[in-house]
Amino acid sequence: MQSVAALPVKETSDPGATDWPLLLVEDDDGDAFLVGELLAETEAPIRLTRARSVREAVATAAHARCVLLDLGLPDSQGLSALESLRAAAPNAAIVVLTGLMDEHRGAEAMAAGAQDYLVKGEIDGRGLLRALRYAIERRATEEAARALQESTLRAEENSRLERGLLPHPLLRDPRLTHVARYRPGRHQALLGGDFYDVVETPDSVVHVLLGDVCGHGPDEAALGASLRIAWRTLVLAGVPEPDRLAFLQEVLVSERTDDELFATVCTLAVAPDRRSVSMRLAGHPPPVLLFPARAALPDDQVGPAIGVLDTVELEATRIDLPPAWALLLATDGLLEGRDGADGERLGWDGVLAEIAAIGPDVTDKDLPELLIDRVEKRNHGPLTDDVAMLMLRWPAP
Amino acid sequence: MDLSLTTRSEGDHTIVAVGGEIDVYTAPKLREQLIDLVSAGQYHLIVNMESVEFLDSTGLGVLVGGLKRVRAHDGSLRLVCTQERILKIFRITGLTKVFPIHSSEEEALAATD
């Protein structure tokens, strides 16, 4: 969550130091002249511009820090001028001018979003300046409160989605260890649609899922969470491995908000003796073996991502494993890091070189963070896309 | 990085030449172009990717979306690409089984499969 200090508040307005633009919306030449004179006597460096109608004001309001608005304009009724100006200059402070007889309209205007009101004929220059200054401060405070509320809501929403995306694995085998990491991309405001899961079935097969809904944002993140839970349900319900991704595609097609959305998926089924895996790749990069040797698993059987074609036909690749091994699964956010500012994308070759440079002494728990840091350094900045990583290790007997 | 798009007609085909990076920021521009062409009744598209420097999953989604749109009108979407790093993206995402990929515009225009 952002701190209040980091929120996008407009710079504070010191009327003594800044040449700030004030838009006066007034049809009466005499009243307009008076406002100009009052401000001139304060010698505050205000850039005063004038509009004679709502139409004229709306056309020029965009740059105003503050709008001084007469409610009795020829082309407005009631508070319609206020509404138009709030829409045209959403960040400006608005101070309403009323006559002595209709002071109640000032209060109505404040309830409708104006920052203050002034009664014509009751103000001097210093009072006018102070009112404008307070109005600008009040507007900035309102904006900060709104941004803070939005950022709080967003943080709550993200943690809800994150719980859905990143689950507690259902793993009974105490020797098979796993480490998972998720890091949002450059635009930390919203999660992307990376997801993973690990489920061990009663036959001791460990089923692993790692996937990525293309695109970023709450829709993609929600879809990722749906797919993860759908897959977990399919595994627990005993649906055979070859059929699961076809069902997962059905779920994706029925839940997606946009026809273009698809998801890349890698699934593994680790055999009960942990000496082989059956792997299926739907448009997803293959996992890499980190130990004993560093090498990407073969990807020649990769099929299209789910959601692309009408049917899913993915061949499984069986891979024999050594007596002790470590596997790393990742989404393409990690592999799309650049090698240098304008460089080629790293791919597994570049990422494996970074893993080699980290060396063998680091614990599994620390490796993903260290790896992302190194990849970001090589990328000359944060990675654009989300990164999900899942590491599995089977120790020597 | 930006995305450049130029289109021209060649018989009943429209060739869209794409340059630069197709990523989460620029892909909407390509999507709009493909939608405009299909709305204008152009159902046989050839997307020339020879000047594309980068393609991410959002870009792939836009191409897949374009393919679905033209297929709904019995049309076609062919790609021209000989750059190894772009071909590799289609290969690792399994999309070589989805898009016909040609080594030149002439070859794509002559294709009938």
Side-chain angles (χ1 to χ4, degrees), chain A residues 185-187 190 192-194 211-217 220 253 256 258-266 280-286 296 298-315 331-333 335-336 338 341-345 347-349 383-386, chain B residues 1-3 19-35 38-39 47 49 51-74 76-77 79 83-101:
Chain A
R186 186 186 294 160
H187 296 282
L190 288 169
D194 291 2
D212 180 1
V213 178
C214 70
H216 315 252
E220 288 80 0
V253 168
R256 67 183 166 190
D258 173 346
D259 280 353
E260 271 176 22
L261 284 182
F262 62 82
T264 66
V265 173
C266 166
R280 283 186 162 79
L281 296 174
H284 201 88
D299 65 353
D300 43 327
Q301 298 276 33
V302 63
I306 62 170
V308 170
L309 296 180
D310 296 336
T311 56
V312 179
E313 283 163 35
L314 289 168
E315 294 295 323
T331 52
D332 61 3
L335 310 181
E336 283 177 357
R338 288 169 188 269
D342 297 311
E344 293 271 324
R345 306 292 160 158
W348 269 131
D349 288 347
L383 295 165
T384 309
D385 204 354
D386 301 39
Chain B
M1 281 288 181
D2 211 9
L3 178 81
E21 301 203 340
I22 313 178
D23 61 17
V24 63
Y25 308 106
T26 62
K29 202 171 146 187
L30 177 60
R31 179 189 297 122
E32 246 170 67
Q33 175 75 77
L34 296 179
I35 290 173
V38 173
S39 310
V47 179
M49 315 270 295
S51 303
V52 171
E53 284 151 34
F54 175 66
L55 177 65
D56 79 353
S57 60
T58 316
L60 290 173
V62 167
L63 290 173
V64 169
L67 182 67
K68 287 181 181 169
R69 287 190 182 92
V70 294
R71 280 203 180 150
H73 298 277
D74 292 324
S76 60
L77 193 156
L79 302 177
Q83 292 191 76
E84 186 45 40
R85 62 174 170 178
I86 302 293
L87 287 172
K88 194 173 158 202
I89 295 168
F90 284 100
R91 210 159 42 233
I92 63 176
T93 52
L95 291 173
T96 44
K97 293 159 187 162
V98 177
F99 289 104
I101 300 180

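Below, read A as the first sequence line, B as the second, and so on, with proteins coming before strands; counting in each chain starts at 1.
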### Message
Using a strict threshold of under 4.0 Å (side-chain N to carboxylate O), is an ion pair present between A:R338 and B:E21?
### Response
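Yes, charged N to carboxylate O under 4.0 Å.
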Interface moiety of [X] toward chain A, non-hydrogen atoms closer than 4.5 Å:
X: B:F90; answer: neither
X: B:L60; answer: both
X: B:R91; answer: backbone

### Task
Heavy atoms only: give me the nearest A:T331-A:G211 pair and the separation to one decimal.
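What the structure gives for the nearest pair is CG2-O, 3.6 Å.
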### Task
Could you pull out all residues at least two apart from B:T58 that satisfy side chain to side chain donor-acceptor pair (under 3.5 Å)?
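Here no residue qualifies.
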### Query
Going by heavy atoms in the side chains, are A:R345 and A:L335 under 4.5 Å from each other?
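Not in contact.
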